[in-house]
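For reference, the structure is listed below as structure tokens.
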There are 2 protein chains.
Amino acid sequence: MATVSRVLAGQDNVAPETRERVEAVVARLGFRPNAAARALARRVAPTVGVITPDITTPFFASVMHGIEAGAAAAGLLPILISAARDARREVEAVHVLSRQLVTGILFLSAKVTAEHDEAFRSAGRPVVLVATSDPEGRWPAVEIDNRTAMADATRHLLALGHRAIAFIGGPPDDPAAAWPRQLGYRDAMREAGVPVDPGLVLAGDFGMASGQLCARKLLRRRSRPTAIVTASDEMAVGVLNAAWEAGIAVPAELSVVGFDDNMLATAVRPRLTTVAQPLYEMGRLGVAQLLEPPGASKCLPARVVVRESTREVMPSSQHSGPRDSVVDGGRESRFQGPEGILP
Amino acid sequence: MATVSRVLAGQDNVAPETRERVEAVVARLGFRPNAAARALARRVAPTVGVITPDITTPFFASVMHGIEAGAAAAGLLPILISAARDARREVEAVHVLSRQLVTGILFLSAKVTAEHDEAFRSAGRPVVLVATSDPEGRWPAVEIDNRTAMADATRHLLALGHRAIAFIGGPPDDPAAAWPRQLGYRDAMREAGVPVDPGLVLAGDFGMASGQLCARKLLRRRSRPTAIVTASDEMAVGVLNAAWEAGIAVPAELSVVGFDDNMLATAVRPRLTTVAQPLYEMGRLGVAQLLEPPGASKCLPARVVVRESTREVMPSSQHSGPRDSVVDGGRESRFQGPEGILP
DNA sequence: CTGTTAGCGCGTTCAA
DNA sequence: TTGAACGCGCTAACAG
């Protein structure tokens with residue numbers, strides 16, 4: 001009994017001959033150790049809990065893909081809980097997962113409240129924030145430097161001569177992604193000596209519809225912006241569609257920048273210039289960090305990928321037909337962003 | 001001890017007063033039952049295993065969303081295994097999950113081989129196929145009638161006067177989705193007395209790039225098709241982009257039909273006419289079916305959603321500029337498809 | 001309706 | 001290096 005346990009657990013204090021004998025029998029009987037019994041005895045199950053606000057976005061899909069890969073590499077199984085952006089459900093999810101004796105918990109939602117903090121502590125297992133962060137620094141995170149990334153995106157537009165640059169950000173209650181991105185936008189504008197028109201700063205919810213609504217407002221203005229940076233590719237696509245409705249050509253009359261670099265960015269025409277986040281890597285490293293001794297947060301590099309939705313600002317205001325303005329399809333260059341380190 | 005167990009399990013053979021007393025103590029102590037111990041004793045864990053070929057598609061996201069909801073409603077936790085379209089890994093996943101004592105297994109991949117069948121049997125727990133099926137009918141499935149759905153989509157084009165209708169299907173080794181959809185296409189063509197030109201029937205892999213490649217071939221033909229039906233929205237978007245490259249206006253010069261009705265369908269311009277699959281429902285019902293006594297397969301209704309990517313076939317071959325051809329944005333009508341029953 | 005008892009299958013001592 | 005015995009925390013059958 002005990003010897004079999006040792007063999008299955010891969011311990012080395014077993015005679016080679018005995019080991020072989022056990023392995024032979026295990027193979028012959030098709031013996032499969034009972035995970036519940038093992039978890040009960042070890043007090044840990046070979047699972048990772050994943051708490052996510054929204055399971056339907058390409059953003060989540062990429063992160064989850066990485067988590068799956070990282071978990072598989074570590075012999076762990078991901079358990080998914082979608083909390084639908086409800087803090088109470090998120091906290092409850094932590095409890096559910098700790099009952100399951102998960103090896104660790106990956107948290108993907110935007111905000112770590114005091115309740116979250118307490119739940120994380122009481123879970124008694126490692127918690128890592130993935131593609132999000134805790135401004136208070138209580139829990140380790142794997143993310144990018146959102147502020148710098150958005151500043152880079154804005155600088156790209158400034159370098160193209162744009163000055164009337166609007167910003168469509170995330171919801172005001174999202175300190176992890178929405179806040180730093182807006183700060184990055186303001187950083188770049190200040191740095192370039194361009195005052196920010198408060199009317200050009202709007203908040204969306206990362207969804208396509210919100211981007212479209214915000215863009216409609218912006219494009220109706222007397223002096224409309226020549227460029228719009230957004231905090232998600234979905235919102236950028238919404239902007240594209242609002243421009244289409246209004247008969248405004250992208251990028252000839254309006255430059256648009258997305259964020260994430262998900263499938264939408266290359267699905268639409270013109271393809272989106274956007275900030276590429278290494279979401280897959282973030283998921284994978286999140287799992288890895290769960291298994292390491294409690295370390296510091298990791299900050300991964302993001303970069304601006306220039307495609308066809310941005311262009312030099314128009315010298316005159318001569319409006320050409322929308323479709324005429326499309327540049328040839330092949331262009332795609334890379335613009336290396338800095339690899340900032342989290343505080 | 002046993003009484004506490006009864007209270008926590010929600011059994012009714014406990015005196016109300018005793019129950020309250022137990023609940024009070026449980027609340028006061030913040031007692032959390034150990035899931036592993038419970039699973040060990042019950043021989044079943046409160047989890048559902050999900051085996052999927054690809055975790056990054058909008059298709060999967062929708063199904064998973066439904067699974068998550070169905071599982072949550074049943075007090076189950078989804079465990080995810082991505083098998084990357086590898087049959088061996090899928091079979092291994094079944095074993096891994098049965099070790100975990102999962103309540104049941106949801107299988108989302110395209111093909112059930114003899115090896116799968118044996119693994120499913122040896123798992124000793126219910127298996128339900130979601131958004132896929134077993135042509136041999138060995139395992140219950142929750143899906144749509146792919147053949148009829150694709151026939152409806154093709155009929156929509158025929159009704160618009162199209163005759164040169166190309167078909168971009170799924171991979172040849174996908175009996176669950178690719179085969180019946182191609183059959184449906186052929187059904188509708190035959191029914192309309194239009195012979196199928198073999199050169200107009202291509203196989204993609206459901207991805208955007210494959211749709212684009214196939215479309216390039218089709219659009220280079222001397223007599224190019226006036227319409228293209230595809231087996232996925234991704235491929236339809238690929239077609240849209242190939243048309244854009246070639247300067248062919250959609251829908252003025254080419255009608256395009258997708259399949260699934262995922263986020264891409266309404267993200268692109270023109271918005272896609274497509275076959276809407278109730279993917280969320282399929283996921284939800286898949287979980288439900290796991291808990292019921294082994295029943296028959298369920299077939300859910302699909303419908304053709306008409307948007308802007310399809311239009312009456314052009315009477316003349318006068319090519320207008322691409323953008324000029326766009327219809328006003330608001331149009332969106334519904335076309336009720338039949339609710340076929342699986343054999 | 002409640003308490004007692006005997007496992008569920010594996011880890012982990014501790015002797016041998 | 002191996003085996004025997006106990007315990008992980010809970011459920012289920014039984015007796016009371």
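No experiment lies behind these values; they were computed from the predicted model shown.
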Could you please spell out the steps behind the side chain to side chain donor-acceptor pair (under 3.5 Å) verdict for A:His116 and A:Thr113?
-> CA-CA 5 Å; A:His116 287 83; A:Thr113 65; 2.6 Å; yes
Looking across every strand, which nucleic acid part, if any, lies under 4.0 Å from [X] by heavy atom: base, sugar-phosphate, or nothing?
X: B:Ala2; value: base
X: B:Asn13; value: base
X: A:Val14; value: sugar-phosphate

Might you confirm whether atom CD of A:Glu23 has over 12 heavy atoms from other residues, nucleotides or ligands at distances under 6.0 Å?
->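 Counting other residues, nucleotides and ligands, CD of A:Glu23 exceeds 12 neighbours.
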Enclosure of B:Gln11 CD (heavy-atom neighbours >12, cutoff 6.0 Å) =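 Above 12, so yes.
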Can you find a side-chain donor-acceptor pair between B:Asp117 and B:Trp139 that sits under 3.5 Å?
->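 Present: a donor and an acceptor within the cut-off.
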Respond yes when some side-chain nitrogen or oxygen of A:Ser5 is under 4.0 Å from OP1 or OP2 of C:dC10, and no when none is.
->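 Answer no for this pair, as no side-chain N or O of A:Ser5 is under 4.0 Å from OP1 or OP2.
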Can you tell me the distance, in whole Å, between the [atom1] atom of [X] and the [atom2] atom of [N]?
X: B:Arg38; N: C:dG7; atom1: CZ; atom2: C1'; result: 17 Å
X: B:Leu8; N: D:dA12; atom1: CG; atom2: P; result: 13 Å
X: A:Leu40; N: D:dG9; atom1: CG; atom2: C1'; result: 6 Å
X: B:Arg19; N: C:dC1; atom1: CZ; atom2: C1'; result: 12 Å
X: A:Arg43; N: C:dT12; atom1: CZ; atom2: P; result: 10 Å
X: B:Asn34; N: C:dG9; atom1: CG; atom2: C1'; result: 14 Å
X: B:Gln11; N: D:dA12; atom1: CD; atom2: P; result: 7 Å
X: B:Arg6; N: C:dT2; atom1: CZ; atom2: P; result: 8 Å

Under 3.5 Å, side chain of B:Thr132 to main-chain N/O of B:Ala176, donor-acceptor pair present?
->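 No, because the side chain of B:Thr132 does not come within donor-acceptor range (under 3.5 Å) of the backbone of B:Ala176.
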From B:Thr57, B:Thr52, B:Thr56, residue fulfilling side chain to side chain donor-acceptor pair (under 3.5 Å) relative to B:Asp54 =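 Answer to the side chain to side chain donor-acceptor pair (under 3.5 Å) test with B:Asp54 among B:Thr57, B:Thr52, B:Thr56: B:Thr56.
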From the options B:Glu90, B:Arg85, B:Arg89, select the one residue that forms a side chain to side chain donor-acceptor pair (under 3.5 Å) with B:Ser109.
->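 For B:Ser109, the side chain to side chain donor-acceptor pair (under 3.5 Å) test succeeds with only one of B:Glu90, B:Arg85, B:Arg89, which is B:Glu90.
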Among B:Val128, B:Val112, B:Val130, B:Val50, which residue meets the side chain to side chain contact (heavy atoms under 4.5 Å, CB included) test with B:Phe107?
->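 Answer after filtering B:Val128, B:Val112, B:Val130, B:Val50: B:Val112.
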When rounded to the nearest 0.5 angstrom, what is the spacing between OG in A:Ser98 and CZ in A:Phe120?
->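 Atom-to-atom, A:Ser98:OG and A:Phe120:CZ are 11.5 Å apart.
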Among residues 95-103 of chain A, which contact DNA chain C at a heavy-atom distance under 4.0 Å?
->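 Under 4.0 Å from DNA chain C: no residue of residues 95-103 of chain A.
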Rounded to 10°, tell me the angle between the two end axes of the helix from C:dC1-D:dG16 to C:dA16-D:dT1, each built from five pairs.
->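 Helix axis angle between the two ends: 30°.
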How do A:Thr3 and B:Arg21 order along DNA chain C: which one's closest nucleotide is nearer the 5' end?
->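 The 5'-side residue here is B:Arg21.
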